[in-house]
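Order of listing sets the numbers, starting from 1, for every ligand and every atom in it. On a predicted model such as this, the values are computed, not experimentally measured, just so you know.
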Amino acid sequence: MSDRLLVIDDEPEFANFVRKVAENCGYEVRTTSSPVEFRRLSRDWQPSHIIIDLVMPEADGVEILRFLAGELSAARIFIMSGFDSRVVDAARRLGTERGLDIVGTLQKPLRAKELAEVLEANHGEEDVVTESALQQAIDNGEILPYYQPKVDLHSWRPVGFEALVRWRHARRGTIPPDQFVPMAEASGRIDALSQAVAAQAVSQISEWQSLGIDAQVAINLSGQNLHEESLADRLDNMCRAAGVPEGNITFEVTETAAMAEPLRALDILTRLRIKGFKLAIDDFGTGYSSLVQLHRLPFCELKIDKQFVQECDRSREARVIVKTMIELAHNLEMSAVAEGVETEDVLHILAGMGCDAVQGYALARPMNAAVVPEWLNEWSSRHA
Ligand code: C2E
Ligand code: CA
Ligand code: CA
């Protein structure tokens, strides 16, 4: 993983100058002058480093800092300006107070040598995603869930959130689960990771309850978590201690994980169900399960994998598959949930097919827990 530098500056010539110097220092670089494009890149491209021009005609560097703070960005940020250094220092303090990692200020005009030195000194270490770093991150609370809403297609109400884990790395920015969950599984740290996610989700539910928000939260379990007999008891104790009803939590288990070792999995999943937790079968359609097994396992919900959902508007075959899965879910008395809904078109197709709930960028991206109440208010005012 190389260092990724995102630059926002309204002067294209200056941005190009920064690009050249940074590329020579081994950075991958994207530049933009648009705040909208900046937000998109910051979310989708996950830069490890950011340079912000403080004064631009169409954007305000302070707004951008506020946005990054809201996203819990862990990128290394440089603030740059041709302004009086006091303004730069004030912005720096503001960013730091909001929890951003402001590593330096750059004063325009900037010489290539000076910029190169700063960039060289701030390279991230290679290979940050190591087993010991992950263990430390778990211990230090740098592993935290983001929450993505799930919306009921009959009532059009948000019915819950899926907790999706992120590693908020001090210097590398937000690391997505694909980059560390497999390592956690391979190194025997997946139980600690799942425990950390579950503990945070449970206390989040309890915090939302105190704000009058009764939220369902779905937690992903890895197949490896289904080896440990004590799982159900541990999770149950966690809920009791926090005063959170078990019925507010759904565990999502992939089709492949649930079928890998059917007897053991059946035992643990059944125990979770008996305790009152709900169960969902995740990524449905990507593995293979016999109808008999599917029927025997005590699932409440079937989540249709996004690869089928996303093709729905273009492919008749995908529509047939999705429709069949929805019917299968209903025949087995499960609710059908579609993940990865990115467009209004797909949303309407799913509603027409009798799908029960949807999740996806068309509704909302996974978000930091702090902005959930605001999102809920906005949603209810738009759909009142
Ligand atoms: P998943 O359980 O299938 O989660 C759905 C993934 O789709 C998430 O990716 C989510 O951000 C993404 N997504 C949501 N809506 C859309 C959309 O409209 N379009 C597209 N293209 N993608 C969308 P994410 O957060 O990167 O998670 C990836 C996978 O990592 C998850 O897939 C899950 O298998 C695993 N994972 C996430 N959190 C945990 C966790 O706490 N424990 C374990 N064991 N695995 C986790
Ligand atoms: Ca899932
Ligand atoms: Ca999936």
Side-chain angles (χ1 to χ4, degrees), residues 40 43-46 71-72 129 134 137-138 142-151 160-168 173-202 204 216-228 231 235 249-258 260 278-287 299-313 322 325 336-347 350 357-369:
R40 193 188 63 74
R43 283 184 172 137
D44 295 349
W45 190 59
Q46 293 286 341
E71 293 282 300
L72 292 182
V129 182
L134 176 63
I138 295 173
E142 290 169 20
I143 298 288
L144 76 169
Y146 271 35
Y147 295 88
Q148 186 180 36
K150 198 191 277 182
V151 170
F161 295 85
E162 178 174 2
L164 292 157
V165 72
R166 304 284 180 261
W167 181 347
R168 230 200 126 196
T174 311
I175 304 176
D178 303 354
Q179 289 179 26
F180 61 90
V181 168
M183 188 184 71
E185 289 172 334
S187 64
R189 288 183 171 81
I190 192 67
D191 281 324
L193 185 131
S194 298
Q195 173 108 3
V197 172
Q200 292 178 78
V202 168
Q204 191 59 61
Q216 296 272 326
V217 172
I219 298 172
N220 291 282
L221 290 181
S222 142
Q224 304 259 335
N225 293 130
L226 301 181
H227 295 304
E228 211 210 320
L231 182 74
L235 293 167
I249 296 177
T250 301
F251 290 105
E252 299 191 358
V253 184
T254 64
E255 187 184 8
T256 312
K278 296 180 182 149
L279 299 175
I281 185 152
D282 206 358
D283 293 354
F284 192 73
T286 60
F299 291 107
C300 317
E301 180 180 303
L302 184 151
K303 294 192 80 176
I304 304 167
D305 193 69
K306 57 175 174 273
Q307 76 179 79
F308 307 105
V309 175
Q310 288 172 340
E311 292 287 311
C312 253
D313 52 348
V322 169
M325 290 180 183
V337 179
E339 61 167 39
V341 179
E342 292 185 0
T343 66
E344 294 284 323
D345 281 353
V346 169
L347 196 60
L350 292 164
V358 280
Q359 219 182 314
Y361 297 166
L363 305 136
R365 288 178 178 256
M367 61 186 102
N368 151 12

task = Please find out if the Ca ion (ligand 2) and some N, O or S atom of N220 are separated by less than 3.0 Å.
result =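 Coordinating: yes.
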ask   = Among E162, E339, E301, which one satisfies salt bridge (Lys or Arg N to Asp or Glu O under 4.0 Å) with K150?
value =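 When E162, E339, E301 are each tested with K150, the salt bridge (Lys or Arg N to Asp or Glu O under 4.0 Å) holds only for E301.
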message = Checking one value in my table: which N/O/S atom of E162 lies closest to the Ca ion (ligand 2)?
response =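 Atom name of the closest N, O or S in E162: OE2.
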ask   = Can you name the closest pair of heavy atoms from V129 and F180 and give their distance?
value =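 Closest heavy-atom pair between V129 and F180: CG1-CB, 4.0 Å.
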Where G285 and F308 come nearest, the two heavy atoms and their spacing =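 Smallest interatomic distance, heavy atoms only, reads O-CZ, 3.5 Å.
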With a 4.5 Å heavy-atom cut-off, do [X] and [Y] have their side chains touching?
X	Y	answer
P177	V165	yes
Y146	N368	yes
L134	I143	yes
L72	T174	no

How long is the straight-line distance from [atom2] of [Y] back to [atom1] of [X], given to the nearest 0.5 Å?
X	Y	atom1	atom2	answer
L193	L221	CG	CG	11.0 Å
F161	Q204	CZ	CD	9.5 Å
E255	K303	CD	NZ	14.0 Å
I304	I281	CD1	CD1	12.0 Å
R168	I175	CZ	CD1	12.0 Å
I190	E228	CD1	CD	12.0 Å

message = Does only the side chain of I219 get under 4.0 Å from ligand 1, or the backbone, or both, or neither? Count heavy atoms.
response =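 Neither part.
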inquiry  = Is atom 34 (O) of ligand 1 touching the protein, meaning some protein heavy atom lies under 4.0 Å away?
reply    =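 Given the 4.0 Å limit, the answer for atom 34 (O) of ligand 1 is no, no protein heavy atom qualifies.
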ask   = Can you find a protein heavy atom closer to atom 27 (O) of ligand 1 than 4.0 Å?
value =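 Yes, there is a protein heavy atom closer to it than 4.0 Å.
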List every atom of ligand 1 that sits less than 4.0 Å from any heavy atom of [X], numbering the atoms from 1 in the order shown and giving each element.
X	answer
E339	3 (O)
V341	18 (O)
Q148	14 (C), 15 (N)
R166	11 (O), 24 (P), 25 (O)
V197	41 (O)
P366	11 (O)
D283	3 (O)
D178	28 (C), 29 (C), 30 (O)

task = Compute the shortest N/O to N/O distance between L221 and ligand 1 and return yes if it is under 3.5 Å, no if not.
result =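 No, since none of the N or O atoms of L221 sits under 3.5 Å from an N or O of ligand 1.
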query = N/O to N/O below 3.5 Å, does that happen between D282 and ligand 1?
reply =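 Yes, D282 has an N/O under 3.5 Å of an N/O on ligand 1.
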Quick one: does [X] get a heavy atom under 4.0 Å from ligand 1?
X	value
Q359	no
K303	no
R365	no
S194	no
E185	no

ask   = Can a salt bridge be assigned to the pair R43 and E71 using a cut-off of 4.0 Å between side-chain N and carboxylate O?
value =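 A salt bridge is present here (some side-chain N lies under 4.0 Å from a carboxylate O).
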Looking at [atom], what's its closest protein heavy atom, distance included?
atom	value
atom 6 (C) of ligand 1	K306 NZ, 3.4 Å
atom 40 (C) of ligand 1	V165 CG1, 3.7 Å
atom 24 (P) of ligand 1	P177 CG, 3.7 Å
atom 10 (C) of ligand 1	L164 CD1, 3.8 Å
atom 42 (N) of ligand 1	N220 O, 3.4 Å
atom 20 (C) of ligand 1	E342 OE2, 3.1 Å
atom 16 (C) of ligand 1	Y361 CE2, 3.2 Å

ask   = Which is it for D305 and M325 under the side-chain contact (heavy atoms from CB on, under 4.5 Å) test, yes or no, and what are the steps along the way?
value = CA-CA 10 Å; D305 193 69; M325 290 180 183; over 6 Å; no
request  = Would you name the N/O/S atom of D305 that lies closest to the Ca ion (ligand 3)?
outcome  =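 Atom name returned: OD1.
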message = Need the atom name: nearest N/O/S atom of D283 to the Ca ion (ligand 3).
response =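 Going through the N, O and S atoms of D283 one by one, OD1 ends up nearest to the Ca ion (ligand 3).
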request  = Give a yes or no on whether the backbone of A196 and the side-chain of Q200 come within a donor-acceptor separation of less than 3.5 Å.
outcome  =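 Between the backbone of A196 and the side chain of Q200 there is a qualifying donor-acceptor contact (under 3.5 Å).
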request  = Go through the side-chain N and O atoms of Q148 and Q359 and say whether any donor and acceptor fall under 3.5 Å apart.
outcome  =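 Distance-only check passes for Q148 and Q359.
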key: Stepwise side-chain hydrogen bond (donor to acceptor under 3.5 Å, both in side chains) test for S194 and N225   = CA-CA 8 Å; S194 298; N225 293 130; 2.8 Å; yes
request  = Compute the angle centred on the Ca ion (ligand 2) spanning OD2 of D282 and OE1 of E252, and express it rounded to 10 degrees.
outcome  =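 That angle works out to 90° after rounding to 10°.
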query = Under 3.0 Å from the Ca ion (ligand 3), is there an N/O/S atom belonging to E339?
reply =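 Of the N, O and S atoms in E339, at least one lies under 3.0 Å from the Ca ion (ligand 3), which means yes.
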